[in-house]
Amino acid sequence: MKIISWLRLQLKRSFDRIRNENLKKNALQAIPFWIASVITGLVAVLYTKLFIGAEKLTALIITDHNWLLFILTPMCFVFAWWLVQRFAPFARGSGIPQVMAAIQMSSPKTNHLVDKLLSFRVIVVKVASSLAMAIGGGAVGREGPTIQIAASIYKLVYQVLPAWWPKIAKRNMMVTGAAAGLAAAFNTPLGGIVFAIEELTRTHFSYYKTAIFSSVIIAGLSAQALLGPYLYLGYPKLNGLSPMIFFGVALVALITGLLGAGMAKLTIYIFSLKAKLKFQYHHIIYVVGCALVMAFLAFFVDKGILGSGKEIMETTLFTQDKYVHWYIPVLRIVGPVFSFTTGGAGGVFAPALGAGASVGSLVGSWFHTSDIDTNMLILAGMVGFLTGVTRSPFTSVILVLEMTDRHNVIFHLILAGMIASLVAILIEKHSFYDHLKIGYIKELEEHKMPIDPDGETHELHD
């Protein structure tokens, strides 16, 4: 603490020497965003490497001893659930609804509630729980968790600012942190910016644009400094598309929009049923049951139910195995539902993309499309399914474009996103994240969550 105090003092003396008041104020307001961006990029890289390592460990285990799934999956699922319940209940699930709730509740009267959603404890538990889910073969991703982690980092940087520092809105810090987190997780800077505009804030973009642009760039560059200028997926072949492919894109978007919204609605319904469970052992039984179902399906049907779904995207886009079996889309929907509803940490971004890719591949097999046209249907499926879940078509389009660097199909993907967004309303009016956000806010405000002096919470439901 003495070192931090000394650094603060030296920094204040340095800036006191600056004569230009506007320059001094603008520089001081920008520095917290830049520091948080660098930290976010480094943490995102470390988390990415750990998550990939966890998935590789699972693949290694089941390659030689797949029967171990019946032991490994229940153990990991229960451990992931216990970590969240014991140490940070709001570290469960994706992390994006928690950030949305924190942004909405950001005010002096509710600071103690926002601290439950974004904190250092949440970061540690989020990482540990999601890694446990990944080792157990859970169909979860790291992108949503990275967003909550990044927003927590920005909030922590905000909290250590001295009293003499020019005022910065906490909401600005959290929105910018979430955008930087998505950009670092997917290496998609435009996706991070569009995500912040479309999903996180309804206020005028001019309040955020400088902070978001600079933070996304710095966080992305920090991540690239360690990982290199990589693409999340790669460069699928999309030259020479059939003129009739627009009809296939529309069909895939229709199917994936309905399925994505349906998966989200089923997950919310299961959460409502779980909220009625009165005893802890009921939750444990549910978690073990989900894990055993996952292990059973992976052992007897197909191991494609396990993991984030990135392997399916890479296989169908970049190998000769363009077509999946009819049951793969079913598994890629069932897997995330069973994994996400356990209460452990893990996101739905990557699983939704994987499910959409499998649907696009299956539709391609129905019509025996060429490899290039099938690639287009796979990308359309990814956009459509993610849009069905999130109701953020432009974010979905930009993410897939930046993952593949194939801007020649931007109109195809926009078509997929808009169709999926329209048909998803037939299943459910509100997005998956909106439902969860409202649930988190109610949970924080109700008597279910007494706040102890040590900051712990009790008796939280999904």
Side-chain angles (χ1 to χ4, degrees), residues 186 188 190-191 194 231-263 304 309-333 349-390 392-424 426:
F186 279 119
T188 52
L190 289 178
V194 175
L231 287 179
Y232 185 84
L233 286 176
Y235 303 93
K237 295 180 180 179
L238 290 169
N239 294 322
L241 290 169
S242 167
M244 305 299 290
I245 195 62
F246 279 103
F247 294 103
V249 167
L251 177 61
V252 169
L254 176 69
I255 297 171
T256 52
L258 294 173
L259 290 178
M263 186 186 83
K310 188 176 181 181
E311 182 179 350
I312 288 178
M313 292 183 258
E314 292 176 335
T315 300
T316 54
L317 284 172
F318 303 108
T319 71
Q320 295 301 311
D321 298 327
K322 289 294 178 187
Y323 303 142
V324 299
H325 296 292
W326 66 267
Y327 52 78
I328 294 297
V330 178
L331 295 181
R332 289 312 311 174
I333 293 173
F349 256 64
L353 293 171
S358 67
V359 173
S361 171
L362 181 62
V363 172
S365 70
W366 293 348
F367 300 100
H368 305 287
T369 54
S370 67
D371 288 357
I372 291 174
D373 285 351
T374 302
N375 283 347
M376 183 66 256
L377 297 180
I378 291 168
L379 296 186
M382 292 164 61
V383 170
F385 204 100
L386 185 59
T387 299
V389 174
T390 65
S392 303
F394 296 109
T395 298
S396 303
V397 169
I398 296 300
L399 283 176
V400 173
L401 282 176
E402 289 190 284
M403 287 177 192
T404 57
D405 194 23
R406 286 294 177 259
H407 297 86
N408 61 308
V409 296
I410 185 170
F411 294 112
H412 301 74
L413 297 184
I414 290 175
L415 174 66
M418 297 309 297
I419 291 175
S421 181
L422 290 172
V423 300
L426 299 175

Once rounded to the nearest 0.5 Å, what's the spacing between atom [atom1] of [X] and atom [atom2] of [Y]?
X      : Y      : atom1 : atom2 : answer
Thr369 : Ile245 : OG1   : CD1   : 6.0 Å
Arg406 : Leu413 : CZ    : CG    : 12.0 Å
Leu379 : Leu353 : CG    : CG    : 10.0 Å
Lys322 : Ile372 : NZ    : CD1   : 9.0 Å
His325 : Ser358 : NE2   : OG    : 12.5 Å
Asp371 : Thr319 : CG    : OG1   : 9.0 Å

Got [X] and [Y] here, is their nearest side-chain heavy-atom distance under 4.5 Å?
X      : Y      : value
Thr316 : Asp321 : no
Leu399 : Thr395 : yes
Leu251 : Leu377 : no
His412 : Leu241 : yes
Phe394 : Met418 : yes

Exercise. Taking the side chain from Thr374 and the backbone from Gly364, do they hold a donor-acceptor pair closer than 3.5 Å?
Worked result: no
For this session: Using atom types as modelled and distance alone, determine if a side-chain donor or acceptor of Arg332 lies under 3.5 Å from a backbone N or O of Gly304.
Result: yes
Heavy-atom pair with the smallest gap, counting every atom of [X] and [Y]:
X      : Y      : answer
Trp326 : Leu362 : CA-CD1, 3.8 Å
Thr387 : Gly417 : CG2-O, 3.5 Å
Met313 : Ala357 : CG-CB, 3.8 Å
Pro236 : Asn375 : CB-ND2, 4.2 Å
Leu401 : His407 : CD2-CA, 4.0 Å
Ala380 : Val249 : CB-CG1, 3.9 Å

Problem set entry | Candidate list Leu317, Ile312, Val324, test side-chain contact (heavy atoms from CB on, under 4.5 Å), partner Ile378, passing option | Leu317
For this session: Check whether more than 12 heavy atoms from other residues, nucleotides or ligands sit under 6.0 Å from atom CD of Glu314, and answer yes or no.
Result: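 Check passes, neighbour count above 12.
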Problem set entry | Other residues, nucleotides, ligands: >12 heavy atoms within 6.0 Å of Lys310 NZ |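 Yes.
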For this session: Hey, can you tell me if Tyr323 and His368 have their rings parallel, tilted or perpendicular (30° and 60° cut-offs)?
Result: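 Correct class here is perpendicular.
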